[in-house]
Amino acid sequence: FVQALFLPFIPRCVRPNHLTVVRMCFIPVVLFFIWREQWDVAVPLFLFAGFTDVLDGTLARVRRQITRWGTIADPVADKFLIGSVAVVFVAREIHPVFALLIIAMELGIILTVFFRKAKRGEMVSANWAGKIKMLLQVIGITALLLAKWFGFDFFVPVSISLLSLALIFALISLYTYGL
C-alpha cells in the first residue's frame, strides 16, 4: 500500500536514512507544540513523524537501501519519539506509571537487541511484533492527542487500550528477540 501510494512521489535522491534524520529532528518540535498545547500543530507533526517510520522502512526494502546505520538509528528514533511523547504527554494525561512502563519496554527492547544481536555483529531489523507495537503506539498517542484537541473524551479509553495492547506486543517483541 505505502509502496504503491507514496513511494512514486519520493525522489530517488531521498534515502531512508534521510527520513530517519527528519524524524529525529521533528521530536523536539513535536514536544514543543505538545507542551504548549497547540494541538492543531502538534497532531499533524506527530502523525508526520510517525509516518516517516513507515516510509523509511518501505523505502529501504523496496530500493534496497538498508544500511547498518539505518538498522540502528531507525529504531532509536522510534524509541525517542514515543518515549519523549510518553514522558511529556502520556504521563500528564493518563498516568506517570503508564508512561514509565512504555519507556521501560522501549529501553528493554533497545538493550536486548544491542546485547543479544548487535554485539555479535548481526544486522537487526524490526520484527513483526515491533512493527505492530509501533503502529499501536502511534495510533494510541494520536487518539490521546485528538482527545485533547477536539475534547473527545471517549478517545482516552481507546488510547489507553491501544497503548496497553502495544505493551503486550512489546513483550512479544522482546521474547522474539531472544530475551
Side-chain angles (χ1 to χ4, degrees), residues 1-7 9 16 19-59 73-110 126-177:
F1 171 74
V2 173
Q3 178 181 349
L5 196 57
F6 294 101
L7 292 193
F9 300 104
L19 295 174
T20 301
V21 170
V22 165
R23 185 165 57 259
M24 288 178 182
C25 292
F26 265 76
I27 293 168
V29 178
V30 168
L31 293 175
F32 172 78
F33 287 107
I34 287 174
W35 186 260
R36 303 254 331 205
E37 298 185 3
Q38 290 182 267
W39 310 119
D40 57 331
V41 179
V43 174
L45 287 178
F46 177 75
L47 285 171
F48 176 76
F51 188 64
T52 62
D53 180 47
V54 174
L55 277 179
D56 68 5
T58 304
L59 200 60
D74 177 61
V76 169
D78 297 343
K79 307 306 181 246
F80 279 136
L81 176 64
I82 297 302
S84 61
V85 171
V87 167
V88 170
F89 189 57
V90 174
R92 181 176 70 195
E93 298 300 324
I94 296 177
H95 198 278
V97 173
F98 196 65
L100 183 64
L101 279 171
I102 293 170
I103 294 165
M105 292 306 294
E106 296 297 329
L107 187 60
I109 291 170
I110 287 176
N127 62 26
W128 64 271
K131 290 177 183 182
I132 293 171
K133 172 196 65 75
M134 178 65 178
L135 179 64
L136 289 169
Q137 288 173 327
V138 169
I139 296 170
I141 289 172
T142 300
L144 191 57
L145 287 166
L146 290 172
K148 289 300 287 185
W149 187 8
F150 294 113
F152 295 154
D153 290 339
F154 62 90
F155 277 177
V156 175
V158 170
S159 174
I160 293 169
S161 299
L162 290 170
L163 292 171
S164 298
L165 190 56
L167 286 172
I168 292 168
F169 275 95
L171 285 171
I172 294 168
S173 182
L174 273 172
Y175 179 76
T176 60
Y177 276 129

Quiz item: What pairs of residues pass the side chain to side chain donor-acceptor pair (under 3.5 Å) test when at least one of them lies in residues 149-172, not counting sequence neighbours?
Solution: none
Quiz item: Can you name the residues that form a salt bridge (charged side-chain N to carboxylate O under 4.0 Å, His left out) with Lys79, not counting sequence neighbours?
Solution: Glu106
Quiz item: Short question: side chain of Thr176, backbone of Ile172 - any donor-acceptor pair under 3.5 Å?
Solution: yes
Exercise. Calculate, to the nearest 0.5 Å, the distance between atoms CG and CZ belonging to Leu145 and Phe46 respectively.
Key: 6.5 Å
Quiz item: Atom CG of Leu59 and atom CG of Leu19: how far apart are they, to the nearest 0.5 Å?
Solution: 6.0 Å
Quiz item: What distance do Leu144 atom CG and Ile160 atom CD1 have between them, rounded to the nearest 0.5 Å?
Solution: 8.0 Å
Practice problem: Decide if atom CZ of Phe154 counts as having more than 12 heavy atoms of other residues, nucleotides or ligands within a radius under 6.0 Å. | Solution: yes
Quiz prompt | side chain to side chain donor-acceptor pair (under 3.5 Å) partners of Asp78, counting only residues at least two apart | solution = Arg23
Self-check item: pair Val21-Cys25: side-chain heavy atoms closer than 4.5 Å
Solution: yes
Exercise. Dump the intermediate steps for side-chain contact (heavy atoms from CB on, under 4.5 Å) on Ile94 and Leu163, then the final yes or no.
Key: CA-CA 11 Å; Ile94 296 177; Leu163 292 171; 4.1 Å; yes
Self-check item: Gly50 versus Leu81, closest heavy-atom pair with distance
Solution: N-CD2, 4.0 Å
Practice problem: Return yes if some donor-acceptor pair links the side-chain N/O of Thr52 with the main-chain N/O of Ala49 below 3.5 Å, else return no. | Solution: yes
Quiz item: How far does CZ of Phe169 sit from CG of Leu165, to the nearest 0.5 angstrom?
Solution: 5.5 Å
Self-check item: Ile139 side, atom CD1; Leu47 side, atom CG - distance, nearest 0.5 Å
Solution: 9.5 Å
Exercise. Carefully, step by step, assess Phe6 and Phe51 under the rule ring-ring contact (aromatic ring centres under 6.0 Å, His included).
Key: CA-CA 11 Å; Phe6 294 101; Phe51 188 64; 4.8 Å; yes
Exercise. Return the minimal non-hydrogen interatomic distance between Ile102 and Ala86, and the atom names on each side.
Key: CG2-CB, 4.2 Å
Quiz item: What are the two closest heavy atoms between Val158 and Ala143, and how far apart are they?
Solution: CG1-CB, 4.4 Å
Quiz prompt | Thr20 versus Ala77, closest heavy-atom pair with distance | solution = CG2-CB, 4.0 Å
Exercise. Please assess Ile82 against Val138 for the test side-chain contact (heavy atoms from CB on, under 4.5 Å), listing each intermediate value before the final yes or no.
Key: CA-CA 8 Å; Ile82 297 302; Val138 169; 4.2 Å; yes
Self-check item: Those residues that, when tested against Phe80, pass ring pair (Phe, Tyr, Trp, His ring centres under 6.0 Å) (two or more places apart)
Solution: none
Show me the donor-acceptor pairs within less than 3.5 Å that the side chains of residues 27-42 make with the rest of the protein, sequence neighbours left out.
none

Quiz item: Looking at residues at least two apart in the chain, or sitting in another chain, which of them share a ring pair (Phe, Tyr, Trp, His ring centres under 6.0 Å) with Phe26?
Solution: Phe48
Quiz item: Between Ser173 and Asn127, which heavy-atom pair has the shortest distance, and what is it?
Solution: OG-OD1, 3.2 Å
Quiz item: What heavy-atom pair brings Gly108 and Leu174 nearest, and what distance separates the two atoms?
Solution: O-CD2, 3.4 Å
Self-check item: Ile109 CD1 to Leu171 CG distance, which is reported to the nearest 0.5 Å
Solution: 8.5 Å
